[in-house]
Chemist: 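Have a look at the structure that comes next, please.
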Amino acid sequence: MVPQLTDAFERKFYYLRLSITDVCNFRCTYCLPDGYKPNGAANKSFLSLEEIRRITRAFAESGTDKVRLTGGEPSMRRDFTDIIAAVRENPGIRQIAVTTNGYRMARDVAEWRDAGLTSINVSIDSLDPRQFHAITGQDKFHQVMAGIDAAFEAGFEKIKVNSVLMRDLNHNSLQSFLNWIRERPIQLRFIELMETGDHSALFRRHHISGEVIRDQLIMQGWQRQPRARSDGPAQVFTHPEYRGEIGLIMPYEKDFCASCNRLRVSAVGNLHLCLFGDGGVPLRDLLASDDQQDELQARIARSLGQKKQTHFLHQGNTGITQNLSFIGG
Ligand code: SAM
């Protein structure tokens, strides 16, 4: 039996979100509106393929069964396919997922699948190409849509789409999103806009609770589904007349943190116990050689003792989180 990572509140951790780069080519208004800029340590290097191999092995040996590759934009790494293959070397990792803006999918998604990728989350905040352009700073709506078609053709049976819920931008577009998923096996997930240090004004203007969507879904006969052990934080709803599903990610809702099963590692190798407000435990000094694996596992397990019960986001805490590009949202 593999010893399971557990914190002081008896939460068990099966799910690692691993950022593999901070670089992104999109300029989403709520994340990197001015585009990615290397900050301070201009030539800091992101985790190498070997370091990623070691880190995922350590987590797999500690009971992790799901790894999500994120960023920045993970598909901007030239060795992205090799990274997927390296994670796949661990038999204990049953799910390898990516969160992507989708700009490379039409070209590369079949290769990712051959390398072992099992799930894809694509970020699409609007189904209107002009609004998509306005939010992301990139006129790539049709390219991303072609990417989704390519993913289905490559054999992915279901795709998740992330949409950040924003008052007056997309909060009243539920019907067009529902029409889009009527015949498509897409789980469309509305994520409540989270407050980060860089974007307080935007947050105050556009934050809206996911309850507005939940109320409409329930009125239209959608039903909430139970949650499995390595599932992410979404509340999932289904409807007999739709092939697609709706997910709601509501970090401001009471008890959101009680079901936390996730740990994060940043692209420079710091372990973050929460998306918000912790400085990170450096792991990189233990990623130089295979001989350090026991020590690495011990440090990860020990660090969990510091994980707090909640993110305190509802009290306006944004911690050190300036935006979500460095840790993967
Ligand atoms: N580049 C990839 C992408 O576009 O999906 C992965 C990184 S991105 C930071 C991960 C997710 O975080 C995206 O779905 C993005 O919309 C979401 N995100 C970023 N900032 C956010 C915020 N302030 N509130 C809610 N979601 C946010």
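Indexing begins at 1, ligand by ligand and atom by atom, following the structure's order.
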Chemist: Taking heavy atoms and a distance under 4.0 Å, where does Thr70 meet ligand 1: side chain, backbone, both or neither?
Modeler: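 Side chain only; the backbone of Thr70 stays clear of ligand 1.
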Chemist: Does Ile191, backbone or side chain, put an N or O under 3.5 Å from an N or O of ligand 1?
Modeler: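 For ligand 1, there is no N or O atom that lies under 3.5 Å from one belonging to Ile191.
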Chemist: I want to know if ligand 1 touches Tyr30 in the polar sense, i.e. an N/O pair below 3.5 angstrom.
Modeler: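 Yes; at least one N/O pair falls below 3.5 Å.
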Chemist: Is there a polar contact between ligand 1 and Glu73, counting only N or O atoms under 3.5 Å apart?
Modeler: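 By distance alone, the answer is yes.
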Chemist: Does ligand 1 have a heavy atom under 4.0 Å from the side chain of Asn162, from its backbone, from both, or from neither?
Modeler: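 Side chain only.
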Chemist: Between Pro74, Ser123, Ser75, flag the one that comes closest to atom 3 (C) of ligand 1 by a heavy atom.
Modeler: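 Looking at heavy atoms only, Ser123 sits closest to atom 3 (C) of ligand 1.
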Chemist: Can you pull the side-chain hydrogen bond (donor to acceptor under 3.5 Å, both in side chains) pairs that have at least one residue in residues 104-121, sequence neighbours excluded?
Modeler: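 For residues 104-121: Arg68-Asn121, Thr81-Glu111.
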Chemist: Give a yes or no on whether Gln223 atom CD has more than 12 heavy-atom contacts from other residues, nucleotides or ligands under 6.0 Å away.
Modeler: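 Atom CD in Gln223 is not crowded, with 12 or fewer foreign heavy atoms closer than 6.0 Å.
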Chemist: Would you say Ile20 ends up clustered with Val23 if hydrophobic residues are merged whenever their side chains have heavy atoms under 4.5 Å apart, either directly or through other cluster members?
Modeler: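 The answer is yes; both residues are in one hydrophobic cluster.
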Chemist: Would you check if Leu273 and Leu263 make a side-chain contact, meaning some heavy-atom pair closer than 4.5 Å?
Modeler: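 In contact.
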Chemist: For ligand 1, is any non-hydrogen atom under 4.0 Å from Asp125's backbone (N, CA, C, O), its side chain (CB onward), both, or neither?
Modeler: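 No part of Asp125 is near ligand 1 at this cut-off.
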Chemist: Closer than 4.0 angstrom: is that true for some heavy atom of Glu192 and an atom of ligand 1?
Modeler: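 In this structure, Glu192 qualifies as a contact of ligand 1 - some heavy atom is under 4.0 Å.
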Chemist: Say whether Tyr242 and Arg182, considering side chains only, have a donor N or O and an acceptor N or O under 3.5 Å apart.
Modeler: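 Tyr242 vs Arg182: donor-acceptor pair found between side chains.
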Chemist: Which one of Gly71, Gly72, Ser19, Cys24 has a non-hydrogen atom at the shortest distance from atom 1 (N) of ligand 1?
Modeler: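 Looking at heavy atoms only, Gly72 sits closest to atom 1 (N) of ligand 1.
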Chemist: What residues form a side chain to side chain contact (heavy atoms under 4.5 Å, CB included) with Thr238, not counting sequence neighbours?
Modeler: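 Expected list: Gln225, Glu245.
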Chemist: Among the heavy atoms of Cys28, does any lie under 4.0 Å from an atom of ligand 1?
Modeler: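 In this structure, Cys28 fails to qualify as a contact of ligand 1 - no heavy atom is under 4.0 Å.
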Chemist: How about Arg189 and Gln187: does a side-chain donor come under 3.5 Å of a side-chain acceptor?
Modeler: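 A donor-acceptor contact under 3.5 Å links the two side chains.
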